[in-house]
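In this text the structure is predicted, and so the values were computed from the model without any measurement. Order of appearance sets the numbers: ligands from 1, and atoms from 1 within every ligand.
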Amino acid sequence: MSKVNMMNTYGRFDILLKNGEGTLVYDVNGKEYLDFVAGVAVNCLGHSHPAIINALKEQSGKVMHVSNLYWNVPQLELAEKLVKYSQHDKVFFCNSGTEATEAAIKLARKYGKVSGKPEKHQLLYMENSFHGRTMGALAVTGQEKYQKYFTPLMDGVQAVKFNDIEDLVKKMNSNVCGIILEPIQGEGGIISVQKEFLRKAKELCNEYDALLIYDEVQCGIGRTGKLFAYEKYGVVPDVVCMAKGLGGGFPIGAVMAVEKAAKAFEPGDHGCTFGGNPLACAVSLAVLKELIEGGVIEKVEEKSLYIIDKVNDFKMKYSLVKGIQGMGLMLGMVLMSNTKDFIAKCIDKGLLLVGAGQDVVRIVPPLNVSYQEIDKALSLMEEVLNEMK
Ligand code: PLP
């Protein structure tokens, strides 16, 4: 099977995957891999989960797509469920994380414009952040490597040092319509925001009438051990972006907002042909049912502590291991060096892992991963650590 027909956009591992079940995936030669990448924090219920398969089968036999010119039943049911389990009042559906960011940016801009102050259009974003690859999202992504070939980028944005309250206060002003941040920076290296920083951001947004936007595309939907990462912090944003885990592997994204923010949007302001299509929404409903009512999320914290404990043991035993950071099943094992080598060796042994930021090995398995699978993954990692001694 030729690979030459694909555009050269990804630095891929040369593995051709064919099928998967639970936490396992198999390549075309039948080699088995334990999947601790989970589509980069997407496959929260693992591969081929029966609830997802059933939802796909059932809904595709009814109706897959209708336009947003009309209502559809799974869309309204999903919106109701999301509102019920969140602190937000309204939902907008899209298909991906970057689209969720775009919607949030546009909502903040419109919120600023309708305030009666035409120059209120500035967005503050964080250094080292990642919000997606489309031009709006890219403009608020604080990493030059993603931006450098695509300038000029959207105007009216300013970077703030992550977790630096002084810098945030310095840059906040009455022309700011929104502050966007990830509660846990994913691509940036699994770096958690500090509660004090969030509190200050919220206070400043209230003071200057701007929207506080959390990008929970990677850290949301149960990853932290709560449905929304903001529940871990107790600082509720005005707007929250989600995608990835929301569809458990089927593309769907969403933005939720509190009433005062949501009401800025009127018909014609924003839209998305496939956003909230019945098939995606039916799958998402099935995913949320498993995660919440099926008790998957409530077991995340315990699994997290189990992994953290073991990695702390690694730290005592192997000089390569510097520590562990993150929350729930969005963890990052920090190495002193040689991260690429470590990951390549793990993959060779049948454990899929991916890096994040500098020298961080991401540990983002399906949320329903078993302790036996965690033990297997940790023992493969330890084999590699021994080899790299
Ligand atoms: N926001 C965050 C925090 C992400 O981690 C990602 C993807 O990794 C995105 C946005 C973009 O999501 P997508 O690739 O679905 O556009």
Side-chain angles (χ1 to χ4, degrees), residues 7 9-12 37-44 92-108 123 125-143 145-147 150 153-154 157 159 162 178-193 198 212-224 228-230 232-233 237 239-256 272-277 280 283-284 287 325-332 353-357 360 362-364:
M7 254 195 224
T9 48
Y10 303 102
R12 299 183 203 252
V37 175
V40 194
V42 167
N43 303 100
C44 49
F92 173 82
F93 289 114
C94 51
N95 309 291
S96 65
T98 203
E99 284 182 354
T101 308
E102 295 294 330
I105 288 174
K106 284 181 71 178
L107 185 61
L123 285 144
Y125 66 97
M126 302 300 132
E127 287 182 5
N128 199 44
S129 59
F130 183 84
H131 295 291
R133 310 269 190 166
T134 51
M135 291 304 269
L138 202 56
V140 293
T141 284
Q143 298 190 60
K145 66 177 178 188
Y146 296 112
Q147 300 178 326
F150 307 103
L153 297 170
M154 184 182 81
V157 296
F162 192 46
I179 301 177
I180 183 164
L181 60 88
E182 296 156 88
I184 305 175
Q185 291 189 333
E187 301 310 300
I190 317 291
I191 302 167
S192 303
V193 73
L198 281 189
L212 182 60
I213 304 163
Y214 289 178
D215 178 345
E216 295 206 7
V217 166
Q218 193 162 153
C219 64
I221 313 297
R223 273 281 139 204
T224 60
F228 296 98
Y230 67 73
K232 291 291 263 193
Y233 288 94
V239 180
V240 61
C241 303
M242 62 202 102
K244 289 191 185 270
L246 185 60
F250 197 85
I252 182 168
V255 172
M256 297 190 75
C272 181
T273 294
F274 292 118
N277 71 77
V283 172
S284 183
V287 169
Q325 57 200 30
M327 246 182 231
L329 289 174
M330 184 169 173
L331 295 170
L353 289 171
V354 68
V360 176
R362 240 183 294 206
I363 302 175
V364 285

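Take E182 and apply the side-chain hydrogen bond (donor to acceptor under 3.5 Å, both in side chains) test, not counting sequence neighbours, and it matches no residue. Listed by chain and number, the residues in a side chain to side chain contact (heavy atoms under 4.5 Å, CB included) with V354 are V37, R362 (sequence neighbours excluded). Every residue two or more places apart in sequence or in another chain that forms a side-chain hydrogen bond (donor to acceptor under 3.5 Å, both in side chains) with E102 is listed here: T134.
For ligand 1, the protein residues within 4.0 angstrom (heavy atoms only) are S96, G97, T98, F130, H131, G132, E182, E187, D215, V217, Q218, K244.
For the residue pair G248 and C44, the shortest heavy atom distance occurs at CA-SG, 3.9 Å. A pairwise comparison of heavy atoms in Q143 and N128 identifies NE2-O, 3.5 Å as the closest pair. Residues I190 and G326 come closest through the heavy atom pair CG2-CA, 3.5 Å.
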